[in-house]
There are 2 protein chains.
Amino acid sequence: MKIRSLTGLYYFHIAATHLSFKEAANYLSVTQAAISQQVRGLEDRLGTKLFIRSHRQISLTRDGQLLHSHTTAAFTSLEEGVSQLKTDSDPYTLKVSVLPSFASLWLVPRLGSFNKQHPEISVLLLPDNTLTDFKTQDIDICVRYGIGRYDDVQTVPLMGDYLYAACHPSYQKEQSIEQVSDLKGCLLLEDARPDMNWDYWLKQLGKESTSYPSALKYEGSNLVVEGAIASQGIALVRHSLAAKFVRSGALVKLFEQQVASDFIYCLAAPERHFEREKVKLFCEWIQKEVKQFQKNYT
Amino acid sequence: MKIRSLTGLYYFHIAATHLSFKEAANYLSVTQAAISQQVRGLEDRLGTKLFIRSHRQISLTRDGQLLHSHTTAAFTSLEEGVSQLKTDSDPYTLKVSVLPSFASLWLVPRLGSFNKQHPEISVLLLPDNTLTDFKTQDIDICVRYGIGRYDDVQTVPLMGDYLYAACHPSYQKEQSIEQVSDLKGCLLLEDARPDMNWDYWLKQLGKESTSYPSALKYEGSNLVVEGAIASQGIALVRHSLAAKFVRSGALVKLFEQQVASDFIYCLAAPERHFEREKVKLFCEWIQKEVKQFQKNYT
DNA sequence: TTCACGCTTAAGAATATCTTATGTTAATGG
DNA sequence: CCATTAACATAAGATATTCTTAAGCGTGAA
């Protein structure tokens with residue numbers, strides 16, 4: 001026999017357990033009207049009243065009680081089934097897929113603190129430029145740099161970023177760079193990412209880009225930053241990756257001008273991964289670290 | 001814990017039981033693409049593959065098997081719960097709510113045959129002009145005359161109907177009525193229903209209605225028919241109700257002109273009532289009777 | 001080597017669901 | 001008493017999901 005109005009049954013179940021439409025609505029993060037409508041729909045379909053609506057409280061009719069005992073068994077069973085799949089083969093190893101640049105320039109320097117807080121969890125950092133397929137790869141969570149919304153995974157936004165020009169202090173002195181137009185004579189270093197090239201950056205600032213020399217492209221922002229540190233030229237860097245070098249003096253931020261990136265850093269994983277204890281801990285930790293970073297490098 | 005993608009779980013369950021998306025789709029009366037998408041959605045959400053897709057057949061993964069055992073328990077329980085509400089307090093009494101006119105002129109004369117076929121079922125005919133509220137009234141099924149689609153009940157269409165003018169043969173002779181314009185001198189009988197008055201009828205035929213005398217209204221089409229039989233005047237009748245009188249000679253259909261009604265007769269009841277044996281039998285019987293009627297009175 | 005069959009995918013259409021805003025009712029307190 | 005409040009109901013329109021359509025893909029059989 002086909003089952004119809006599944007949601008109706010589920011909403012009924014939650015309402016019956018709470019004996020309140022309001023609380024059910026709250027629990028399910030919908031409005032109370034939604035519950036009311038679903039329950040009414042179910043009652044219509046079954047041709048029977050399930051709740052007795054009295055003043056400011058509801059109670060179950062005979063039919064409602066009968067049905068509730070079954071829905072309880074049913075949905076408990078479903079929950080169990082789903083949560084069984086959540087079992088994690090290795091709860092003490094956290095496998096994180098990260099962009100190589102973010103890994104080496106941001107995450108690695110900070111990971112010590114995570115280990116100090118949670119010594120029982122060993123972290124396996126997997127630098128990877130491609131998108132993670134959680135169905136085939138055994139990854140707990142990944143850090144992406146993108147638009148922040150994807151179809152098949154849940155995401156947690158971490159921070160935005162912005163782009164600016166930076167180089168080694170000595171290089172700046174050598175070439176006596178003071179304003180954007182001074183870039184013309186220099187070797188420009190850039191990432192191969194489409195959103196991180198000089199063309200884009202200059203255009204965002206309203207400058208004509210074609211008058212600038214072609215740049216040297218690296219696959220990976222960390223290489224760009226390292227190139228700049230090695231006085232190769234002027235790098236277009238992400239604040240998140242370059243900040244600490246600017247602070248230490250290994251790099252100088254060349255102009256006031258900077259461009260906010262369209263992309264943000266975020267954590268991404270299938271919904272159920274976020275229920276793993278180790279993943280929860282990692283999320284909390286990295287969010288704190290992000291706040292710290294933003295506070296320290298504004 | 002909140003359960004998400006309930007439909008996904010259900011579709012998975014059906015697919016897993018049939019071990020075929022196609023059959024599952026068939027069973028659920030949706031396309032196979034819908035199953036594919038729901039299952040994929042569930043797999044994405046859980047972050048695990050549930051089926052192994054091989055050529056022209058699917059099989060369950062370990063996770064799939066695990067989940068399926070739970071969904072089986074769950075959905076069986078739901079089905080039970082729902083079907084328990086379907087219990088009928090008195091399976092041998094069929095309570096039918098019908099329009100008084102249809103009851104007396106169409107249904108009652110035929111009911112003997114139902115009783116002959118199913119002597120164990122006693123029929124309780126409840127003539128009622130108002131809409132039936134199945135939640136408060138203890139009715140198995142009702143016969144309505146309307147548009148054939150309602151929000152809160154399932155309907156089974158029986159037949160359309162059409163309207164024509166009829167009167168007693170002697171009245172026709174007396175007033176020597178031969179064409180529609182001859183109506184002008186006569187007493188017109190009509191139903192109080194908005195769709196069954198002379199105005200509407202004449203307009204449908206493209207005649208000017210205002211030039212005809214005001215009519216005598218009765219609450220209930222049977223009264224209209226009976227008025228005509230009693231030679232009171234000319235009745236606007238529904239074929240379904242007048243046919244047998246026309247056949248027997250108690251009434252004459254006055255002109256060739258007739259107007260198809262916007263409404264149809266249909267059976268209506270909450271979905272679950274249709275699963276009661278007595279209701280099923282009644283549906284079958286009345287559908288046969290309708291066919292018979294249409295065949296005999298064309 | 002092509003056909004046929006079952007699953008997948010993408011895009012837009014169809015439908016269901018949700019929110020917003022308002023109404024109803026009955027207990028509560030001034 | 002009347003105003004207020006809390007919980008549920010309802011209508012209409014916005015939103016989101018779900019479905020269908022139409023194409024594609026891969027494989028085993030003819």
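These numbers come from the heavy atoms of this one structure, side chains and all, not from hydrogens, waters or symmetry mates. A quick note: this is a predicted structure, and the numbers were derived from the prediction, not measured. Below, chain A is the first sequence line, B the second, and so on; all start at residue 1.
Between B/Phe134 and B/His273, the ring planes lie perpendicular to each other; the angle is over 60°, past the 30° to 60° tilted range.
At whole-Å resolution of the value, CZ in B/Arg40 and C1' in C/dC7 are 11 Å apart. If you measure from atom CD1 of B/Ile35 to atom P of D/dT17, you get 19 Å, rounded to the nearest angstrom. Between A/Gln57 atom CD and D/dA9 atom P the separation is 13 Å, expressed in whole Å. Across the protein-nucleic acid pair, B/Leu19 atom CG and C/dC5 atom P stand 20 Å apart, rounded to whole Å. Atom pair A/Arg4:CZ and C/dT15:P shows a separation of 14 Å (rounding to whole Å applied). In this structure, CG of B/Leu42 is placed 13 Å from P of C/dT8, rounded to the nearest angstrom. The interatomic distance linking B/Lys22 (NZ) with C/dC5 (C1') rounds to 7 Å, in whole Å. Put simply, CD on B/Glu43 is 12 Å from C1' on C/dT8, counting in whole angstrom units.
Nearest to the side chain of B/Ser36, among D/dA6, C/dT9, C/dT19, sits C/dT9. Listed nucleotides: C/dT8, C/dC5, C/dT17. Nearest to the side chain of B/Gln32: C/dT8. Residue A/His55 places its side chain closer to C/dT25 than to any other of C/dC18, C/dT25, D/dA7. Closest to the side chain of A/Thr7, from the set D/dA22, D/dC19, C/dT17, is C/dT17.
The residue A/Phe51 sits apart from the nucleic acid: no heavy atom pair falls under 4.0 Å. As judged by a 4.0 angstrom heavy-atom cut-off over every strand, A/Arg53 is placed among residues touching the sugar-phosphate backbone only. Within the 4.0 angstrom heavy-atom criterion, only backbone atoms of the sugar-phosphate kind lie near B/Ser20; the bases stay farther away. Contacts of A/Ile58 with the nucleic acid, taken as non-hydrogen atoms under 4.0 Å apart, involve only primed sugar atoms and P, OP1 or OP2.
An OP1 or OP2 oxygen of D/dT17 is reached within less than 4.0 angstrom by no side-chain nitrogen or oxygen of B/Tyr11. Here A/Tyr10 does not reach the OP1 or OP2 of C/dT17: none of its side-chain N or O atoms lies under 4.0 Å away.
In summary, the aromatic rings of A/Phe12 and A/Phe51 are positioned with their centroids under 6.0 Å apart. For A/Tyr10 and A/Phe75, the distance between ring centers is under 6.0 angstrom.
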Inset, instruction - Given salt bridge (Lys or Arg N to Asp or Glu O under 4.0 Å), test B/Glu43 with B/Lys49 step by step and report yes or no. - result: CA-CA 6 Å; B/Glu43 289 179 327; B/Lys49 278 229 149 34; 5.2 Å; no
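The base of C/dA10 lies close enough to the side chain of B/Gln37 for a donor and an acceptor atom to sit less than 3.5 Å apart. Contact annotation: side chain of B/Arg56 to base of C/dA4, donor-acceptor pair present below 3.5 Å.
Other residues, nucleotides and ligands place no more than 12 heavy atoms under 6.0 Å from the CZ atom of B/Arg62.
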